[in-house]
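For the numbers below, each heavy atom of this structure counts, side chains included, while hydrogens, waters and symmetry mates do not. As the structure is a computational prediction, the values presented were derived from the model and not from experiment. We count ligands from 1, going down the list as the structure has it; atoms in each ligand are counted the same way.
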Amino acid sequence: KRPGSAKHPGSESTPGMDPFADTLQRLREAFVSGRTRPAKFRAAQLKGLSLFLQENKQLLQEALAQDLYKTAFHSEVSELILCQNQVDFALRNLHTWMKDEPGAKNLMTQLDSVFIRKEPFGLVLILSPWNYPLNLSLGPLVGALAAGNCVVLKPSEISKSTMKVLAKVLPRYLDQSCFAVVLGGPEETGRLLEHKFDYIFFTGSPRVGKIVMAAAAKHLTPVTLELGGKNPCYVDDNCDPQTVANRVAFFRCFNTGQTCVAPDYVLCSPEMQAKLVPALQSAITRFYGNDPQRSPDLGRIISQKHFQRLRGLLSCGRVVIGGQSDESDLYIAPTVLVDVKETEPVMQEEIFGPILPIVNVRSLDQAIDFINRREKPLALYAFSNSSQAVKQMLDRTSSGNFAGNQGFTFLTLTSLPFGGVGQSGMGRYHGKFSFDTFSHHRACLLSHPGLEMLNNIRYPPYSDFEQKL
Ligand code: NAD
């Protein structure tokens with residue numbers, strides 16, 4: 001029988017009181033008791049997650065529709081299926097992942113047993129953002145639970161409806177002595193971060209990533225930071241413009257452009273730009289009709305604050321497609337900008353909306369130079385009919401993830417690690433990488449209690465030995 005409704009620390013805090021202390025203490029005690037370690041317990045938590053997804057599908061779809069105007073289909077493909085895949089994959093592989101891994105031996109350790117033990121860190125904190133509020137909460141949670149940790153999840157306060165479902169319903173499916181959802185915005189999260197955790201997994205902006213890392217440093221807590229940034233998209237002159245336009249427009253506008261790995265800007269020649277702009281117009285009309293505001297497949301901007309920020313970006317460069325906005329509806333039309341200057345805000349900050357600037361470059365070399373002069377992006381896209389050109393882009397740049405002639409389908413694979421590099425983050429997850437992220441890899445050597453003769457050789461004095469050298 002499932003326990004009753006959970007309390008949500010942080011939701012009503014009394015001044016002077018620490019709203020999180022009791023919860024964290026309870027979770028720490030549960031971890032020390034060792035109950036999260038057995039495979040059976042871990043599998044039960046993962047099955048609980050799976051059941052949560054199945055039994056609350058409609059509730060989750062409604063919450064995602066309220067928060068992000070997602071259709072049921074969109075919620076399914078961008079959130080629910082991805083979560084379910086991660087859970088299923090972890091359940092299928094849990095026993096294999098948990099096994100000690102034998103280590104190679106040298107002459108001195110021939111008679112010893114040498115292996116890597118994957119042990120849980122202890123108490124883990126997961127902080128998630130609002131743009132895929134379910135997937136970016138449950139995705140890391142799968143890894144943390146599979147690895148045998150106790151977990152505190154702090155979902156984004158901005159995606160309110162999903163946050164409520166996670167806080168009210170999810171704990172009923174998990175062991176509440178080992179798992180808790182806590183609530184709060186920047187202030188409460190700041191207080192939460194004063195506590196010592198054994199691992200912190202953060203998904204969000206680079207600005208807050210720095211705050212999280214600084215707080216973690218006080219306790220020497222290891223972190224994974226899944227951050228964002230500007231993802232370049234190079235388009236070679238030899239491409240078919242319509243094929244590229246379909247793929248770029250689709251991945252730029254997916255979730256109304258509010259995706260950390262979305263192509264942020266296009267780099268191409270003026271000649272390709274002349275062909276690409278009408279092709280992008282045709283793709284946008286095909287996907288969202290003549291009036292995209294009426295399309296059920298285009299969402300809305302999450303908040304007034306982000307709407308205002310995006311509306312400001314529409315004044316950069318020259319609008320060649322879209323450009324309309326409606327504050328009462330938090331609507332920004334799919335928009336393409338040309339003639340943008342590198343110094344304008346649209347080329348300085350992560351766009352995070354359905355706006356695509358095009359920057360002109362004369363060659364592949366110039367595009368590579370443009371990319372390498374900037375922070376390392378989370379994703380880098382290269383479109384070309386020449387596999388050599390795609391390979392050059394891959395070989396001569398760095399990014400968290402890379403795709404040739406495609407959008408961000410790489411993140412649907414449990415076989416690939418997902419994570420940033422440099423300014424776009426540190427650490428990785430998905431599939432087995434999640435399990436490894438949340439496990440300490442403990443080096444173990446078990447020796448024989450006897451056989452002292454073999455050990456005698458390494459004890460001082462060394463004078464006899466030195467004379468022989
Ligand atoms: P955010 O950094 O504002 O918030 C993320 C989390 O941090 C939330 O839970 C929020 O409550 C908390 N937070 C906010 N301000 C805080 C503060 N001052 N102190 C402590 N905690 C604080 O990010 P967001 O707006 O929710 O999400 C958008 C950003 O996340 C974009 O930059 C995007 O690229 C990035 N992102 C990255 C990935 C990835 O996988 N790499 C995925 C999604 C989003």
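Summarising the contacts of atom 37 (C) of ligand 1 with G229, G425, C260, the nearest heavy atom is found in C260.
Protein heavy atom nearest atom 14 (C) of ligand 1, with residue, atom name and distance: V208 CG2, 3.8 Å. Remark: minimum distance from atom 23 (O) of ligand 1 to any protein heavy atom is reached at S205 N, 3.5 Å. When hydrogens are left out, the protein atom nearest atom 27 (O) of ligand 1 is P129 CB, 3.4 Å; that is the closest non-hydrogen contact. The nearest heavy-atom contact from the protein to atom 19 (N) of ligand 1 is P186 O, 3.8 Å. For atom 35 (C) of ligand 1, the closest non-hydrogen atom on the protein side is G204 O, 3.2 Å.
Checked against a 6.0 Å centroid threshold, the rings of F370 and Y234 do not count as neighbours.
When every heavy atom of S50 is checked against every heavy atom of Q84, the shortest pair comes out as OG-NE2, 3.0 Å. Shown here for A382 and M393, the closest heavy-atom pair between the two residues is CB-CG, 3.8 Å. Contact between N149 and F438 at its shortest, heavy atoms only, is ND2-O, 3.0 Å. Closest heavy-atom contact between G323 and T335: N-OG1, 2.9 Å.
Residue K154 places at least one N or O, backbone or side chain, under 3.5 Å from an N or O of ligand 1. Any N or O atom pair closer than 3.5 Å counts here, and Y429 shares no such pair with ligand 1. By the 3.5 Å distance cut-off applied to N or O atoms, E350 is counted among the residues near ligand 1. Residue contacts with ligand 1: G185 is placed with no nitrogen or oxygen under 3.5 Å of a nitrogen or oxygen of the ligand (distance criterion only). At least one N or O atom of L227, backbone or side chain, sits closer than 3.5 Å to an N or O atom of ligand 1.
Geometric assessment of R428 against the ring of F433 yields a negative cation-pi assignment under the 6.0 Å and 45° thresholds. In this structure, R252 forms no cation-pi arrangement with F254, as its terminal cationic atom is not both closer than 6.0 Å to the ring centre and no more than 45° off the ring axis.
In summary, the atoms of ligand 1 found under 4.0 Å from a heavy atom of L136, numbered by their order in the structure, are 42 (C), 43 (C). The ligand atoms of ligand 1 that sit less than 4.0 angstrom from a heavy atom of G228 are 34 (O). Interface atoms of ligand 1 facing F202, defined by a heavy-atom separation under 4.0 Å, are 2 (O), 5 (C), 6 (C), 7 (O). Within ligand 1, the atoms closer than 4.0 Å to a non-hydrogen atom of N131 are 43 (C), 44 (C), numbered from 1 in the order shown. Of all atoms in ligand 1, numbered sequentially from 1 with element shown, those under 4.0 Å from a heavy atom of F352 are 28 (C), 31 (C), 33 (C), 34 (O). Here is the list of ligand 1 atoms found below 4.0 Å of a heavy atom in F418: 40 (O). Taking every non-hydrogen atom of W130 and a distance limit under 4.0 Å, the qualifying atoms of ligand 1 come out as 24 (P), 25 (O), 26 (O), 27 (O). Every atom of ligand 1 is numbered from 1 in the order shown, and the set under 4.0 Å from a heavy atom of E157 is 10 (C), 11 (O).
More than 12 heavy-atom neighbours from other residues, nucleotides or ligands sit within 6.0 angstrom of CD on Q54. Within a 6.0 Å radius of NZ in K432, more than 12 heavy atoms belonging to other residues, nucleotides or ligands are found. Enclosure of atom CD in Q58 is not indicated, since only 12 or fewer non-hydrogen atoms of other residues, nucleotides or ligands lie within 6.0 angstrom.
Heavy-atom distances between S128 and ligand 1 reach below 4.0 Å in at least one pair. In this structure, L127 falls outside the shell of residues with a heavy atom less than 4.0 angstrom from ligand 1.
Inside a 4.0 Å radius of atom 41 (N) of ligand 1 there is at least one protein heavy atom.
Using a cut-off of 4.0 Å between Lys/Arg side-chain N and Asp/Glu carboxylate O, K230 and E350 are scored as not salt-bridged.
Remark: I358 CD1 to L267 CG distance equals 10.0 Å, nearest 0.5 Å.
Side-chain N/O atoms of E29 and Q25 include a donor and acceptor closer than 3.5 Å.
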